[in-house]
S.K.: 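One structure is given below, represented as structure tokens, and several questions about it will come after.
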Amino acid sequence: MRTSWAAYTIRGVNIGGVFLIEPFIRPSLFDQFNISTTSELPVDEWTFSAALGKNETRRQLEEHWDTFVTKKHLELLASYGINWIRIPIGYWAFNLTDDEPFVNGQLPYVERLLDWAREVGLKVELDLHGAPGSQNGYDNSGHRVTPEWLYSRANVDRTLDALKKMTEIAVKWDDVVYGIQILNEPSRWKWPISDILEFYNEAYNVIRGMTDDVYVMIHDTFLGPNEWRSLVNPNWKNVLMDTHIYQMFDNYMITMNDTAHIDMITDMSKDIVNFNSTNIGVVVGEFSAATHDCTKYINGFGTGNRWEGTLNHVDHPLCPFDNCTCTGDYSSNYTQFSTHYKRFLKSYVEAQFSVYDGLAGWFYWNFKTESAPEWDYLLGVEQGWIPKYCNFQLALICY
Ligand SMILES: *[C@@H]1O[C@H](CO)[C@@H](O)[C@H](O)[C@H]1NC(C)=O
Ligand SMILES: *[C@@H]1O[C@H](CO)[C@@H](O)[C@H](O)[C@H]1NC(C)=O
Ligand SMILES: *[C@@H]1O[C@H](CO)[C@@H](O)[C@H](O)[C@H]1NC(C)=O
Ligand SMILES: *[C@@H]1O[C@H](CO)[C@@H](O)[C@H](O)[C@H]1NC(C)=O
Ligand SMILES: *[C@@H]1O[C@H](CO)[C@@H](O)[C@H](O)[C@H]1NC(C)=O
Ligand SMILES: *[C@@H]1O[C@H](CO)[C@@H](O)[C@H](O)[C@H]1NC(C)=O
Ligand SMILES: *[C@@H]1O[C@H](CO)[C@@H](O)[C@H](O)[C@H]1NC(C)=O
């Protein structure tokens with residue numbers, strides 16, 4: 001029997017960019033390509049795999065799966081007070097067709113990670129992060145295309161097949177896998193909520209047909225958890241609502257100054273609360289310390305940024321002051337960060353921990369990156385702008 005979410009606060013990090021690669025988490029994988037020798041530069045795992053071919057993709061990704069996350073990382077996370085990890089995985093690890101460029105072979109590495117999590121004492125959320133046809137069109141779904149997912153029953157069947165296989169893993173690792181996210185960030189701009197809800201109900205039934213107590217985690221489709229109060233199925237049991245909070249993928253929020261960013265977090269404590277009446281807890285499944293979008297490839301490979309005004313459809317710089325450049329505090333080189341900026345990062349992360357601690361819990365995005373300091377939990381703790389929890393049961397922050 002898995003422990004109830006209400007018994008303690010989930011304090012987690014995402015193990016993102018491992019089993020579903022993302023350009024901004026490991027840019028070096030994408031920087032190997034040369035525009036004069038590659039007809040179209042890869043922007044996601046689909047086009048990365050298509051450019052390299054299956055054999056070379058498998059060779060490079062096997063090495064990536066083997067080395068990008070290690071047992072040492074999990075030991076560090078646990079020693080900093082982290083008690084859960086969220087592991088994003090694409091459908092192709094479970095259900096691949098011959099005509100798709102992706103490769104599989106992730107599962108032995110996923111299972112090794114589950115064994116390490118057990119040894120270190122971490123609980124796990126398995127997160128289906130990419131669905132066939134793409135559920136949102138973002139590179140983080142594995143394929144940056146016009147989303148097609150819900151337009152075809154075959155895509156839905158394959159999504160459910162992936163979830164069935166994830167649940168088989170949860171049944172086998174029932175002391176480790178506490179949650180299954182049925183789908184990351186499906187697009188409500190593309191499909192009506194009612195269609196997404198119908199899929200959620202179907203997926204819920206598939207998982208519940210196999211186990212009663214694994215948490216079924218559902219994403220709020222950026223509608224905000226409270227909007228779901230009237231949508232959730234009253235018969236659902238052991239469900240957690242997942243919401244993602246970023247304050248820089250938005251033309252307005254990126255113009256906010258430091259104080260406004262922190263105030264917006266503090267104000268949320270009034271707005272986001274667990275659904276006590278239906279026993280549904282809310283988790284912030286993704287957030288970071290970033291308040292700018294200067295980070296290399298953060299808006300996707302080959303795109304500009306709002307900060308300096310170089311992104312498509314943004315015609316002027318949107319940073320909150322006059323001299324908008326991606327240098328110094330806003331560079332990817334944390335050794336250039338000012339004391340003032342590091343102090344801000346710390347206040348911003350503390351504000352988030354403190355508000356999200358009042359919910360069922362949270363997962364920082366991401367455990368590690370190659371060169372995105374505000375997105376890198378392990379770096380943030382080492383450099384001092386992310387506080388450790390001395391004793392997570394008591395929620396004491398060690399300074
Ligand atoms: C890309 O390839 C061209 C042609 O082989 C070569 O001249 C150029 O130096 C390469 N550029 C980089 C950045 O490797
Ligand atoms: C891929 O690897 C397989 C098995 O090692 C080999 O038979 C095949 O020729 C390789 N394909 C290419 C295009 O190199
Ligand atoms: C993928 O899912 C479909 C739909 O359930 C199923 O027919 C097919 O056999 C699955 N493919 C694999 C490789 O498991
Ligand atoms: C930050 O922005 C808020 C809201 O726009 C404004 O009231 C405040 O004066 C600003 N603070 C600074 C230090 O610029
Ligand atoms: C909801 O339940 C939690 C934990 O059981 C409790 O701390 C909190 O005060 C409750 N909130 C409301 C609004 O009832
Ligand atoms: C640029 O803006 C920052 C933040 O407001 C400020 O601290 C810095 O002094 C400015 N630099 C220049 C050269 O104006
Ligand atoms: C980061 O900045 C430091 C100090 O300015 C510099 O010595 C170092 O070479 C930079 N690192 C990278 C990877 O650019």
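For clarity, every value in this text was computed on a predicted model and none was experimentally measured. Each residue takes its place number in the sequence, starting with 1. No hydrogens, no waters, no symmetry mates; every other heavy atom, side chains included, goes into these values. Order of listing sets the numbers, starting from 1, for every ligand and every atom in it.
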S.K.: Is there a donor-acceptor contact under 3.5 Å linking the side chains of D99 and T97?
M.R.: yes
S.K.: With heavy-atom distances below 4.0 Å as the criterion, list the atoms of ligand 4 near N257.
M.R.: 1 (C), 2 (O), 3 (C), 8 (C), 10 (C), 11 (N), 12 (C), 14 (O)
S.K.: Report all N/O contacts between ligand 3 and the protein shorter than 3.5 Å as a table of atom names and distances to 0.1 Å; if there are none, say 'none'.
M.R.:
| unit_1 | atom_1 | unit_2 | atom_2 | d |
| --- | --- | --- | --- | --- |
| ligand 3 | 2 (O) | N95 | ND2 | 2.3 |
| ligand 3 | 11 (N) | N95 | ND2 | 3.0 |
| ligand 3 | 14 (O) | K165 | NZ | 2.7 |

S.K.: Please list, in number order, the atoms of ligand 1 under 4.0 Å from a heavy atom of N34.
M.R.: 1 (C), 2 (O), 3 (C), 8 (C), 10 (C), 11 (N), 12 (C), 14 (O)
S.K.: Would you call the rings of W46 and F102 parallel, tilted or perpendicular if under 30° counts as parallel and over 60° as perpendicular?
M.R.: perpendicular
S.K.: Does ligand 4 come near enough to T259 that some N or O of the ligand is less than 3.5 Å from an N or O of the residue?
M.R.: no
S.K.: Between S338 and D329, does any side-chain donor sit less than 3.5 Å from a side-chain acceptor?
M.R.: yes
S.K.: Does the side chain of Q247 come under 3.5 Å of the side chain of Y252 through a donor N or O and an acceptor N or O?
M.R.: no
S.K.: Taking atom types as modelled and ignoring hydrogens, do the side chains of N95 and R158 form a donor-acceptor contact shorter than 3.5 angstrom?
M.R.: yes
S.K.: Could you tell me how the ring of W65 sits relative to the ring of F19: parallel (under 30°), tilted (30 to 60°) or perpendicular (over 60°)?
M.R.: tilted
S.K.: Which class fits the ring pair F353 and Y364: parallel under 30°, tilted 30 to 60°, perpendicular over 60°?
M.R.: perpendicular
